[in-house]
Amino acid sequence: MRVRWTNPAVKIFLDEVRTALRENRVVLRWSRGEYCICPDDGEPCEGFFKKPTRKKWGEIRVATAGVSNSRLIHTLAHEYAHFLYWLEGDPFGNASVYKDESFTERRALRIMESRGLPIDPERAQALSAAYLKMLRDDEQ
């Protein structure tokens with residue numbers, strides 16, 4: 001599936017993402033459904049990062065059906081942040097899911113802001129807060 005973008009900042013960001021992924025044997029894929037199936041636990045999700053193995057390329061997959069462009073950008077930035085942390089040696093180790101995702105969401109927000117991506121910062125913050133609240137509630 002091919003997702004088309006007209007915003008120059010998004011095009012530059014996508015080029016950055018694709019280049020970094022390719023250099024590390026990871027591919028970006030857009031899924032046509034409302035959800036992707038997470039390879040780690042089989043649960044539906046909006047996107048995931050799966051690291052490469054010696055034999056297989058990794059992937060970032062993002063669900064696209066019924067999702068706004070700003071939500072797609074947010075999900076991609078989130079999964080790209082997971083990829084960047086993996087490149088840096090996974091600084092969280094065996095941290096809780098909430099802690100890992102909290103750092104990842106903060107980094108995704110910084111990525112979107114620093115690249116001038118067309119998102120509403122207040123809405124992105126609210127989406128992040130709701131996602132993290134759900135994770136925190138699940139851990140309790």
Do F13 and M112 belong together in a cluster built from hydrophobic side chains that touch within less than 4.5 Å? yes
Linked, directly or transitively: L72 and I111 (ILVMFWY side chains, under 4.5 Å): yes
Would you say the side-chain atoms of R107 pair up with the backbone N or O of A77, donor to acceptor, closer than 3.5 Å? no
Would a single hydrophobic cluster contain both L76 and L109, if residues Ile, Leu, Val, Met, Phe, Trp and Tyr are joined by side-chain heavy-atom contacts under 4.5 Å? yes
Can you name the residues that form a ring-ring contact (aromatic ring centres under 6.0 Å, His included) with H74, not counting sequence neighbours? none
Contact between P118 and N69 at the side-chain level, heavy atoms closer than 4.5 Å - yes or no? no
Looking at every non-hydrogen atom in both residues, tell me the closest pair between T104 and H78 and how far apart they are. CG2-O, 3.3 Å
Applied to residues 38-62, the salt bridge (charged side-chain N to carboxylate O under 4.0 Å, His left out) test, sequence neighbours excluded, yields R29-E59, E46-R71, E59-R61
Excluding I12, membership of its hydrophobic cluster (Ile, Leu, Val, Met, Phe, Trp, Tyr; side-chain heavy atoms within less than 4.5 Å) reads none
Give the cluster check for V10 versus W30: same hydrophobic cluster or not, with ILVMFWY residues linked at side-chain heavy-atom distances below 4.5 Å. yes
Using the test side chain to side chain contact (heavy atoms under 4.5 Å, CB included), find all partners of A9 that sit at least two apart in sequence or belong to another chain. N7, L117
Say you draw a straight line from CG of L21 to CG of L87; how long is it, rounded to the nearest 0.5 Å? 9.0 Å
Please name the pair of heavy atoms, one in P52 and one in N24, separated by the smallest distance, quoted to 0.1 Å. CG-O, 3.6 Å
Could you list the residues that satisfy ring-ring contact (aromatic ring centres under 6.0 Å, His included) with F49, not counting sequence neighbours? F83, W86
Using side chain to side chain contact (heavy atoms under 4.5 Å, CB included) as the criterion, list what pairs up with A129, not counting sequence neighbours. none
Test salt bridge (Lys or Arg N to Asp or Glu O under 4.0 Å) applied to K11 - qualifying residues, sequence neighbours left out: none
Taking only residues two or more places apart in sequence, or in another chain, which ones meet R106 in a side-chain hydrogen bond (donor to acceptor under 3.5 Å, both in side chains)? S102
Going by salt bridge (Lys or Arg N to Asp or Glu O under 4.0 Å), name the residues that satisfy it together with R115, two or more places apart in sequence or in a different chain. E16
Non-neighbouring partners of D120 that pass side chain to side chain contact (heavy atoms under 4.5 Å, CB included), sequence neighbours left out: E122, R123
To check you understand the geometry: which heavy-atom pair defines the closest contact between C36 and A63, and what is its length? SG-N, 3.4 Å
So if you build clusters from Ile, Leu, Val, Met, Phe, Trp, Tyr with side-chain heavy-atom gaps below 4.5 Å, do Y80 and I119 land together? yes
Mind listing the closest non-hydrogen atom pair of R22 and W57 along with its distance? O-CH2, 4.0 Å
Contacts of S68 meeting side-chain hydrogen bond (donor to acceptor under 3.5 Å, both in side chains) (sequence neighbours excluded), chain-then-number -> S70
Hydrophobic cluster mates of V97, side-chain heavy atoms under 4.5 angstrom, ILVMFWY only, any path? Y98, Y131, L132, M134, L135
Is it the case that the side chain of T64 and the backbone of S31 share a donor-acceptor pair, with hydrogens and angles ignored and the cut-off at 3.5 Å? yes
